[in-house]
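Written below as structure tokens is the structure these notes are about.
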Amino acid sequence: MKKRLTINNVTGVADIIMAFLIMISWFAVLFAAVGDAATGTHATGGVGSFFYICAGITLILHIIAWIKSKKAGISVVGHVLGIIGMACFLITMFLAFPAFVLAILAAIFTLLQKNRDK
């Protein structure tokens, strides 16, 4: 019988949402920076912080799901990819494209929830 964990479904959906957020992050930060330059406000830091907080939450979800999946005998490939992808994004936003690709792959492998071969 195939084991399925709810945390894996939640993490997979969070990866899909995070992939979308990563995709728009550069544009949002760029537009905020242009707006800051034009009006003298300081919105860029807040916009960037939003994306970093979302990536941090997704990273924590992956770590928790990785531990639970390992105990349940479910493949952890998606979680490893998600951890690497979110870590890349948290290190610098310049790694947004690799993080985007890894988030999509992590979502696919996490939602599959394939039983680990022994």
Side-chain angles (χ1 to χ4, degrees):
M1 185 165 160
K2 188 172 182 179
K3 298 176 190 173
R4 298 195 60 85
L5 295 176
T6 305
I7 188 81
N8 285 346
N9 292 334
V10 170
T11 306
V13 171
D15 275 331
I16 294 169
I17 294 168
M18 197 59 213
F20 175 74
L21 289 176
I22 290 170
M23 183 177 62
I24 66 168
S25 66
W26 275 22
F27 300 110
V29 171
L30 180 66
F31 289 143
V34 169
D36 285 351
T39 61
T41 60
H42 302 288
T44 306
V47 172
S49 295
F50 168 75
F51 292 110
Y52 284 134
I53 289 169
C54 291
I57 291 169
T58 308
L59 177 66
I60 292 168
L61 273 173
H62 269 294
I63 293 169
I64 294 168
W66 177 45
I67 293 167
K68 291 190 180 215
S69 293
K70 198 169 184 178
K71 288 180 182 176
I74 297 173
S75 175
V76 294
V77 172
H79 301 302
V80 172
L81 292 172
I83 290 169
I84 294 169
M86 294 308 116
C88 283
F89 189 74
L90 285 171
I91 290 170
T92 178
M93 234 183 243
F94 285 119
L95 295 174
F97 183 71
F100 173 72
V101 172
L102 288 170
I104 291 172
L105 291 173
I108 292 167
F109 283 108
T110 301
L111 291 172
L112 283 178
Q113 297 191 40
K114 183 180 175 187
N115 288 340
R116 191 172 54 210
D117 295 331
K118 295 186 180 185

*Give a yes or no on whether Val76 and Ile7 share a hydrophobic cluster (residues Ile, Leu, Val, Met, Phe, Trp, Tyr; joining criterion: side-chain heavy atoms under 4.5 Å apart).*
no
Residue set satisfying side chain to side chain contact (heavy atoms under 4.5 Å, CB included) with Ile83, at least two apart, ordered chain then number -> Leu59, His62, Ile63, Trp66
Separation between CD1 (Ile104) and CG (Leu81), nearest 0.5 Å, reads 12.0 Å
Those residues at least two apart in sequence (or on a different chain) that pass side-chain hydrogen bond (donor to acceptor under 3.5 Å, both in side chains) with Asp36 are Thr41, Thr44
Could you see if Leu95 belongs to whatever hydrophobic cluster contains Leu21? Use Ile, Leu, Val, Met, Phe, Trp, Tyr and a side-chain cutoff under 4.5 Å. no
dist Phe89:CZ -> Phe94:CZ (nearest 0.5 Å) comes out at 12.0 Å
Rounded to the nearest 0.5 Å, the CG atom of Leu102 sits from the CD1 atom of Ile84 at a distance of 6.5 Å
List the atom pairs, donor and acceptor, that lie under 3.5 Å between side-chain atoms in residues 25-34 and the rest of the protein, sequence neighbours left out.
residue	atom	partner	partner atom	Å
Ser25	OG	Ile22	O	2.8
Trp26	NE1	Met93	O	2.6

Linking I/L/V/M/F/W/Y whenever any side-chain heavy atoms sit under 4.5 Å apart, do Val13 and Met18 land together?
-> yes
Here the gap from Leu105 atom CG to Thr110 atom OG1, rounded to the nearest 0.5 Å, amounts to 10.0 Å
Looking only at heavy atoms, the pair that brings Ala107 and Gly12 closest together is CB-O, 3.7 Å
Exercise. Do Leu112 and Val80 sit in the same hydrophobic cluster, where Ile, Leu, Val, Met, Phe, Trp and Tyr count as joined when their side-chain heavy atoms come under 4.5 Å apart?
Worked result: yes
**Study point:** Common cluster, Met86/Met23, ILVMFWY with side-chain heavy-atom separation under 4.5 Å
**Key:** yes
Distance col, row Ile74:CD1 vs Arg4:CZ, nearest 0.5 angstrom, shows 8.0 Å
Hits for side-chain hydrogen bond (donor to acceptor under 3.5 Å, both in side chains) against Ser69, two or more places apart or cross-chain, chain-then-number order -> Asn8, His79
> Is a donor on one side and an acceptor on the other found under 3.5 Å between the side chain of Gln113 and the backbone of Leu5?
Replying inline: yes
Those residues at least two apart in sequence (or on a different chain) that pass side chain to side chain contact (heavy atoms under 4.5 Å, CB included) with Thr6 are Val10
List the atom pairs, with distances to 0.1 Å, where a side-chain N or O of residues 48-56 and a protein N or O form a donor-acceptor pair under 3.5 Å, not counting sequence neighbours.
residue	atom	partner	partner atom	Å
Ser49	OG	Gly45	O	2.7

- prompt: Does the pair Ile16 and Leu111 meet the rule for a side chain to side chain contact (heavy atoms under 4.5 Å, CB included), with working shown?
  reply: CA-CA 10 Å; Ile16 294 169; Leu111 291 172; 4.1 Å; yes
